[in-house]
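The sequence lines fix the lettering, A, B, ..., with proteins before strands; numbering per chain opens at 1.
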Amino acid sequence: MENRRVRVRFAPSPTGPLHMGGVRTALYNYLFAKKHGGDFILRVEDTDQERFVPGAEQYIVEALKWCGIEPNEGIGFGDGPYAPYRQSDRKPMYRQYAEQLVKDGYAYYAFDTSAELDEMRKRMEAMGSNSSYNAVTRQNMKNSLTLSEDEVTKRIENQEPYVIRIKIPRNEEVRVKDIIRGWVIVNSSQLDDKVLFKSDGMPTYHMANIVDDYTMKITHVIRGEEWLPSAPLHVLLYRYLGWESVMPEFAHLPLLLRPDGNGKLSKRDGDRLGFPVFPLSGELLDTKTQQPESFTGYREKGYFPEAFINMIALLGWHSSGNQELFTLQELIQEFSLERVSKSGAKFDPEKTKWFNQQYLRKKTDEELAELFIPVLKEKGISAEKPFITGVCRLLKEKANFVSEFWEQGSYLFVAPTSYDAEVIKKRYNEQTANFIKEVSEALKNTEIFTAVETEKTFKASAEKMGIGAGQVMQLFRVCISGVGGGPVLFEMLELFGKEETVRRLEQAVISIGNGQQRTANS
RNA sequence: GGCCCGUUCGUCUAGGGGUUAGGACACGUCCCUUUCACGGAUGAAACACGGGUUCGAUUCCCGUACGGGCUACCA
């Protein structure tokens, strides 16, 4: 047990798009595996044929790829020694274990119809009891414990549908050791006789999960807190199957909560509050409505996978220091399950933006240009690579997303056709108009067209005309860009070069002059 | 309802028997920048409550409250 190679699995069910809580579970599994030099496995838990959503599996694979947390074994990532990795493909192997449990007296066949089950639950409810199928009630149901052996055999031979249920002991303490929470102790009287094997021939999650973890030699089960209540059942199953000595260790992760109010983070919250809940955009069938439902992802919103991962890593885990920015490698190095917090984490979309900003600023201008070029292409803009790189240099300090570059700096590519009315109204007059003309001329004669030199020229012109630079600085900016704010002015000029700068100034003088004319006449 | 898990600034969290309870996001003020942003400085802001244990509890224990999860032939 001690010396086993660490093997962990991420085991989603393909019932819809993988949501960020699932991504975090996958991430923690990944980090834990890498930290311990172990294996990270992707297993698809598709034992529920009713809720199967076409495309969901592929979505999961793509999402993990985008996040950069790739399993080294499993669906979509290549088979290892324990293939297959889809429970529907492993279907033939489960029955024998369920039968073994029956044989050993730890489980039994049950023939009750859903109507009979409903009736039993109602009856129990009426009696003020909330128990379901358990040590007491099973006495009154149709199962291999109450029916004669002949009857059971006959029913099975007649192909009557049946399930296999675990026979939970009446009064026994079950202890689960959770790495994050310590010992969790539950009395078996609180557990019910869960179905292990369904009448459709598929195992339930509980059965499949144990059989697969055992046969795949999983050493640590890292999953969401919603599984904590069924962990005692799982412990019992390991025991009854005789696998307790190689039972994995458990770690139940705190849930991701919605930003406002309380409750589990859901797709609805994202729609309502305007942030993505999923890594990738897409459209998949909704299991409830049976209608295709589209959803937006972090990728399409312009988030970098590194930023997304970094953000999500810190929702429920924290290093001992104050560091908040981690590369994947650093996360691997620092991660430990012991430092995962116990309480649920409210998701904060604002901080997520901050993470992206941090990563944006770390990118080189060239990297950003590569990302920006497709955006430009979409806008029908073509420009020289060095120019685009220069634009990125000027804009990256101000933006959270590459996608913002366009809205914040489209004027760098397209000369303005309108000019900030406020600034014009306040600053434009005959004198300042003359100043713009003067600077324009002066810039034509500026030999070295750098930020430093153009600024000198600008100031010299202002001085020459007896105007304070502050009086005309913003007007000048508006003439160049059309808007009152933006990157450092003279850096912009340098990027434009002399020709474009002068052209813009001359155009501005004409356009604004005409505008003023019209205003004056009307 | 029952069972289980949880509770440090608005949020993510560090800390842990004696601390001015630390950081980050967001927010306020100021500086820098002749703009915006970045950056810097600074401010406001938290140990859910009640009992124990203790010389001393935010920290340990027990209750209460509140929140969450589970309670299917779903995972």
**Q** Can you identify which nucleotide, out of B/rA37, B/rC5, B/rC12, has its nearest atom closest to the A/Glu397 side chain?
**A**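 Within the option list, the nearest is B/rA37.
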**Q** Base, sugar-phosphate alone, or nothing: which one does A/Arg181 contact when heavy atoms must sit under 4.0 Å apart?
**A**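 Here A/Arg181 touches the backbone only, sparing every base.
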**Q** Assign A/Arg223 to base, sugar-phosphate, or nothing according to its heavy-atom contacts below 4.0 angstrom with the strands shown.
**A**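 Nothing, no nucleic acid heavy atom in range.
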**Q** Could you go through nucleotides 71-75 of chain B and list every protein N or O atom that sits under 3.5 Å from one of its N or O atoms, giving the distance for each pair?
**A**
| from | atom 1 | to | atom 2 | distance (Å) |
| --- | --- | --- | --- | --- |
| B/rC73 | OP2 | A/Arg121 | NH2 | 3.4 |
| B/rC73 | OP2 | A/Arg165 | NH2 | 3.3 |
| B/rC73 | O2 | A/Ser199 | N | 2.8 |
| B/rC73 | O2 | A/Ser199 | OG | 2.7 |
| B/rC73 | N3 | A/Ser199 | OG | 2.8 |
| B/rC73 | N4 | A/Asp112 | O | 3.4 |
| B/rC74 | OP2 | A/Lys198 | NZ | 3.1 |
| B/rC74 | O2' | A/Asp48 | OD2 | 2.9 |
| B/rC74 | O2' | A/Arg51 | NE | 3.4 |
| B/rC74 | O2' | A/Arg51 | NH2 | 3.2 |
| B/rC74 | O2 | A/Arg51 | NH2 | 3.2 |
| B/rA75 | OP1 | A/Thr47 | OG1 | 2.5 |
| B/rA75 | OP1 | A/Lys198 | NZ | 3.2 |
| B/rA75 | OP2 | A/Tyr205 | N | 3.0 |
| B/rA75 | O3' | A/Glu45 | OE1 | 3.4 |
| B/rA75 | O2' | A/Ser13 | OG | 2.8 |

**Q** Go ahead and name the base partner of B/rA65; Watson-Crick or wobble counts if both distances stay under 3.5 Å, otherwise write none.
**A**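 Looking at the geometry, B/rA65 pairs with B/rU7.
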**Q** Whether A/Arg86 and A/Glu45 form a salt bridge (side-chain N of Lys/Arg under 4.0 Å from carboxylate O of Asp/Glu) is what I want to check.
**A**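 Between A/Arg86 and A/Glu45 there is no salt bridge, as every charged N stays at least 4.0 Å from the carboxylate O atoms.
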**Q** Roughly, in whole Å, what's the span from CE in A/Met492 to C1' in B/rU33?
**A**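 To the nearest whole Å, that distance equals 14 Å.
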**Q** To the nearest Å, give me how far apart CG (A/Leu412) and C1' (B/rC36) are.
**A**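 Atom-to-atom, A/Leu412 to B/rC36, this comes out as 14 Å.
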**Q** Which base, if any, makes a Watson-Crick or G-U wobble pair with B/rC70, both distances under 3.5 Å?
**A**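 Base-paired to B/rG2.
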**Q** Reading RNA chain B from 5' onward, which residue's closest nucleotide shows up sooner: A/Gly470 or A/Ser343?
**A**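 Its nearest nucleotide being more 5', the pick is A/Ser343.
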**Q** Tell me which nucleotide, if any, is Watson-Crick or G-U wobble paired with B/rC38 when both distances must be under 3.5 Å.
**A**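 Looking at the geometry, B/rC38 pairs with no nucleotide.
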**Q** Salt bridge between A/Arg165 and A/Asp193, side-chain N to carboxylate O under 4.0 Å?
**A**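 Salt bridge between A/Arg165 and A/Asp193, a charged N being under 4.0 Å from a carboxylate O: no.
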**Q** Quick test of your reading of the model: are A/Asp192 and A/Lys194 salt-bridged, counting only N-O distances below 4.0 Å?
**A**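 Salt bridge present between A/Asp192 and A/Lys194.
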**Q** Whole angstrom is fine here: how far is it from CG in A/Leu489 over to P in B/rU35?
**A**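 Those two atoms, CG and P, are 11 Å apart.
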**Q** Decide, yes or no, whether a salt bridge links A/Arg393 with A/Glu491 under the criterion of side-chain N to carboxylate O below 4.0 Å.
**A**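 Yes, this pair counts.
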**Q** One thing to verify: whether A/Lys122 and A/Glu119 come together as a salt bridge, which I'm taking to mean a side-chain N less than 4.0 angstrom from a carboxylate O.
**A**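 Result for this pair is no, no salt bridge flagged.
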**Q** Which whole-number value in Å describes the distance from A/Leu394 CG to B/rC38 C1'?
**A**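 After rounding, the gap between these two atoms is 13 Å.
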**Q** To the nearest Å, how far apart are A/Leu233 CG and B/rC4 C1'?
**A**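 About 14 Å, once rounded to whole Å.
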**Q** Between A/Lys362 and A/Glu306, does any side-chain N to carboxylate O distance fall below 4.0 Å?
**A**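 Salt bridge absent between A/Lys362 and A/Glu306.
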**Q** For salt bridge (Lys or Arg N to Asp or Glu O under 4.0 Å), just list the numbers for A/Asp348 and A/Lys346, CA-CA rounded to whole Å, side-chain angles, deciding distance to a tenth of an Å, and then say yes or no.
**A** CA-CA 6 Å; A/Asp348 181 0; A/Lys346 276 190 190 175; over 6 Å; no
**Q** Using whole Å, what does the distance between atom P of nucleotide B/rG68 and atom CG of A/Asp260 come to?
**A**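 Nearest whole value for this atom pair: 12 Å.
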**Q** Between protein and nucleotides 19-26 of chain B, what N or O pairs are separated by less than 3.5 Å?
**A**
| from | atom 1 | to | atom 2 | distance (Å) |
| --- | --- | --- | --- | --- |
| B/rA24 | O4' | A/Glu324 | OE1 | 2.9 |
| B/rA24 | O2' | A/Glu324 | OE1 | 2.5 |
| B/rA24 | O2' | A/Lys351 | NZ | 3.1 |
| B/rA24 | N3 | A/Lys351 | NZ | 3.1 |
| B/rC25 | OP1 | A/Trp354 | NE1 | 3.4 |

**Q** Could you tell me the separation between the CZ atom of A/Phe326 and the P atom of B/rU13, rounded to a whole number of Å?
**A**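 Checked: the CZ to P distance equals 13 Å.
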**Q** By nearest atom, which of the nucleotides B/rC36, B/rC12, B/rC5 is closest to the A/Val184 side chain?
**A**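 Closest nucleotide among those given: B/rC5.
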**Q** The side chain of A/Lys346 is closest to which nucleotide in this list: B/rC12, B/rG6, B/rU35?
**A**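 Among the listed nucleotides, the one closest to the side chain of A/Lys346 is B/rC12.
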**Q** Hey, does the side chain of A/Arg361 come within less than 4.0 Å of B/rG39's phosphate (OP1/OP2), counting only N and O?
**A**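 Answer is yes, contact under 4.0 Å.
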**Q** Can a side chain N or O of A/Lys264 be found less than 4.0 Å away from OP1 or OP2 on B/rC70?
**A**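 For B/rC70, OP1 or OP2 has a side-chain N or O of A/Lys264 closer than 4.0 Å.
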**Q** Does B/rG67 have OP1 or OP2 sitting under 4.0 Å from an N or O in the side chain of A/Arg258?
**A**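 The answer is no; no side-chain N or O of A/Arg258 sits under 4.0 Å from OP1 or OP2.
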**Q** What contact category does A/Gly468 fall into here, base, sugar-phosphate, or nothing, at under 4.0 angstrom with non-hydrogen atoms?
**A**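 Contact class for A/Gly468: none.
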**Q** To the nearest Å, give me how far apart CD (A/Gln190) and P (B/rC5) are.
**A**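 Going from A/Gln190 (CD) to B/rC5 (P), I get 12 Å.
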**Q** Mind checking whether A/Phe197 and A/Tyr94 have ring centres under 6.0 Å apart?
**A**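 Centroid separation for A/Phe197 and A/Tyr94: 6.0 Å or greater.
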**Q** Under 4.0 angstrom, heavy atoms only, what part of the nucleic acid is A/Pro487 near: base, sugar-phosphate, or nothing?
**A**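 Contact class for A/Pro487: base.
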**Q** Tell me every residue that passes salt bridge (charged side-chain N to carboxylate O under 4.0 Å, His left out) with A/Lys398, counting only those two or more places apart in sequence or in another chain.
**A**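 A/Lys398 satisfies salt bridge (charged side-chain N to carboxylate O under 4.0 Å, His left out) with no other residue.
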**Q** For residues A/Asp46 and A/Ser88, is any side-chain donor paired with an opposing acceptor at under 3.5 Å?
**A**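 Note: A/Asp46 and A/Ser88 side chains meet the donor-acceptor criterion.
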**Q** Could you tell me whether the side chains of A/Asn143 and A/Tyr109 share a donor-acceptor contact shorter than 3.5 Å?
**A**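 Per modelled atom types, A/Asn143 and A/Tyr109 side chains form no pair under 3.5 Å.
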**Q** Could you let me know what B/rC27 is paired to, Watson-Crick or G-U wobble, both distances under 3.5 Å, or none if it's on its own?
**A**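 Checking every strand shown, B/rC27 finds its partner in B/rG43, with both distances under 3.5 Å.
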**Q** Tell me which of A/Trp183 and A/Trp317 sits closer to the 5' end of RNA chain B, going by the nucleotide each one is nearest to.
**A**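 Final value for this comparison: A/Trp183.
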